[in-house]
Amino acid sequence: MNKTQYFENARACSFTFAGTGLVEEHHLMLECTNPMLPFDRQLDAILNAYQQILESSLPGSVAILKRYFLSDAANQADAVTAADASDCPKSIVQQPPLNGTKVALWVYMLTGVATRFTESGLYEVAHGAYRHLWNASAHNLAANSEYQARLLFNEYVMQLAQEGCTLRDNCMRTWLFVSDIDLNYGGVVRARNQVFFTQGLTHETHFIASTGIGARAQDPCVLTQMDNYAIAGISPDQVHYLYAPTHLNRTSDYGVSFERGTYIDYGDRRHVFISGTASIDNKGQIVFPGDVVRQTQRVWQNVEALLAEASCTFDEVAQMIVYLRDPSDYAVVDQLYRERFPEKPLVIVHAPVCRPGWLVEMECMAVKSIASPQFANF
């Protein structure tokens, strides 16, 4: 169910999945509606709207991941940290909202779960047979993007080991935020390829759903920042990978290592993670160079093909993040999305994609009600 609510200087779009189990899911996308306000008042407007939603319509829900999209992380990240004292993982990235404001917020929320930070540093969200392990804003200050990415993955492998997990069997999703992506993405790719090979992740086994996208951290020396998600208690037959070969090629064809999408089946629902998806064909070529309208339409076709492999449509999509290389494309892309998805929780941000010819990219999450009695409920 989708819903749009308006508050003082803020708008919130939400998606709710109740299902047949005991855990409800909510995605909120909150934006400021008054770009004339200074940053602190824009942040207050969003957080006040969030608090009102919690109190009025989502009692008992807890946030398990927050992502703040900022226009100027160097000057704004400390204010976010000070204003938001919640203990869930917070992903804080400079990816300016393109509606002219300074901050937007995506919140993923659940009911009926137990949460805590484990000794490994990962945030555990436990219910029934599963422990969902989240992490956000991981970073370090190694010498270059390749070293930073390698250290990030190596540290994550060790964190997972503390939880009795492995990168290959338990990690479902990563986000890699790369400063000056045209310069630094190559190093991130090399590091990921090397670590994945050592962990048994190859084109003959599988990779991990991922988005590698331009963003800046608060510290300009942070060239690579990572968010990640793993599940302890999952079995291999619950996890499936999405390819859509009529529309997309394998990423390994052009030297990178991530899956186009992944879905996980539980007893009562299916979770679908669609990686960052651009205007590409099944030969790995950019489709419709220079035309942001037709590229957006091709992105939709590619995402639809991936969702269809998971027996889903856009109706089951819970949230969308749309990345634009050129801010001047915002008006036309926003109109396209608002016409097709008028109440879908989505945000459009300025974030260059990893190939200069890709003008637009999107990622999304979906959830679908199923009945799989061989698996435990979510």
Side-chain angles (χ1 to χ4, degrees), residues 1-17 26-37 42 45-46 49-50 52-53 57 67-71 93 95-108 211 213-214 272 274-279 287-288 290-308 312-353 358-367:
M1 179 179 70
N2 296 307
K3 182 178 180 181
T4 301
Q5 297 173 269
Y6 289 89
F7 304 87
E8 185 177 1
N9 296 316
R11 178 180 67 185
C13 294
S14 62
F15 172 93
T16 294
F17 175 84
H26 307 280
H27 288 269
L28 301 178
M29 201 69 76
L30 299 111
E31 294 181 296
C32 183
T33 55
N34 186 351
M36 303 303 291
L37 297 176
Q42 292 192 29
I46 283 177
Y50 172 58
Q52 289 181 59
I53 292 171
S57 56
R67 181 168 299 153
Y68 285 91
F69 306 90
L70 303 180
S71 62
V93 293
Q95 290 182 329
L98 284 174
N99 65 351
T101 62
K102 297 177 179 294
V103 56
L105 172 62
W106 163 41
V107 188
Y108 180 28
T211 298
I213 197 71
V272 185
I274 302 298
S275 301
T277 302
S279 180
V287 183
F288 307 123
D291 188 334
V292 75
V293 173
R294 296 177 76 188
Q295 283 202 18
T296 299
Q297 293 165 344
R298 176 65 189 207
V299 167
W300 292 345
Q301 293 170 17
N302 288 347
V303 172
E304 281 183 305
L306 291 166
L307 289 169
C312 290
T313 69
F314 276 118
D315 290 341
E316 284 88 25
V317 168
Q319 56 82 249
M320 301 174 175
I321 302 173
V322 183
Y323 305 102
L324 294 184
R325 171 173 282 268
D326 184 350
S328 69
D329 287 329
Y330 169 72
V332 64
V333 172
D334 180 62
Q335 181 176 340
L336 290 169
Y337 271 88
R338 298 298 176 186
E339 288 176 352
R340 183 165 183 184
F341 310 107
E343 290 199 318
K344 191 72 71 177
L346 70 90
V347 65
I348 303 176
V349 297
H350 178 214
V353 187
W358 283 330
L359 306 178
V360 56
E361 178 173 296
M362 72 167 282
E363 64 173 70
C364 62
M365 293 172 58
V367 57

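Here the structure is a predicted model, which means the values were calculated and not measured.
- Using a 4.5 Å heavy-atom cutoff, the side chains of S14 and I53 are not in contact.
- Listed by first and then second residue, the salt bridge (charged side-chain N to carboxylate O under 4.0 Å, His left out) pairs that reach into residues 333-343 are E31-R338, E304-R340, D334-R338, sequence neighbours excluded.
- The salt bridge (charged side-chain N to carboxylate O under 4.0 Å, His left out) test applied to R325 returns D182, not counting sequence neighbours.
- Under the 4.5 Å side-chain criterion, counting only non-hydrogen atoms from C-beta, L30 is not in contact with F7.
- Legend: residues meeting salt bridge (charged side-chain N to carboxylate O under 4.0 Å, His left out) with E363, ordered by chain and number and at least two apart, are R173.
- Counting heavy atoms from C-beta outward, N2 and P345 have side chains that approach closer than 4.5 Å.
- Here the side chain of Q42 pairs a donor or acceptor atom with the backbone of L37 at under 3.5 angstrom.
- W106 pairs by the side-chain hydrogen bond (donor to acceptor under 3.5 Å, both in side chains) definition with H27, not counting sequence neighbours.
- Residues passing the side-chain hydrogen bond (donor to acceptor under 3.5 Å, both in side chains) test with T33: none are found, sequence neighbours excluded.
- For residues 313-324, the set of pairs meeting the salt bridge (charged side-chain N to carboxylate O under 4.0 Å, His left out) definition, not counting sequence neighbours, is empty.
- A45 meets the side chain to side chain contact (heavy atoms under 4.5 Å, CB included) test with N9, A10; sequence neighbours excluded.
- Listed by chain and residue number, T16, E24 satisfy the side-chain hydrogen bond (donor to acceptor under 3.5 Å, both in side chains) test with H26 (two or more places apart in sequence, or in another chain).
- Residues that satisfy the side chain to side chain contact (heavy atoms under 4.5 Å, CB included) test with P35, not counting sequence neighbours, are T101.
- Counting heavy-atom neighbours within 6.0 Å of K102 NZ, excluding the residue itself, gives a total of 12 or less.
- Partners of T296 according to the side chain to side chain contact (heavy atoms under 4.5 Å, CB included) rule, which considers only residues two or more places apart in sequence or in another chain, are V292, W300, V333, L336, Y337, V360.
- When the side chain to side chain contact (heavy atoms under 4.5 Å, CB included) test is applied to D326, the partners found at least two apart in sequence or on another chain are S328, D329.
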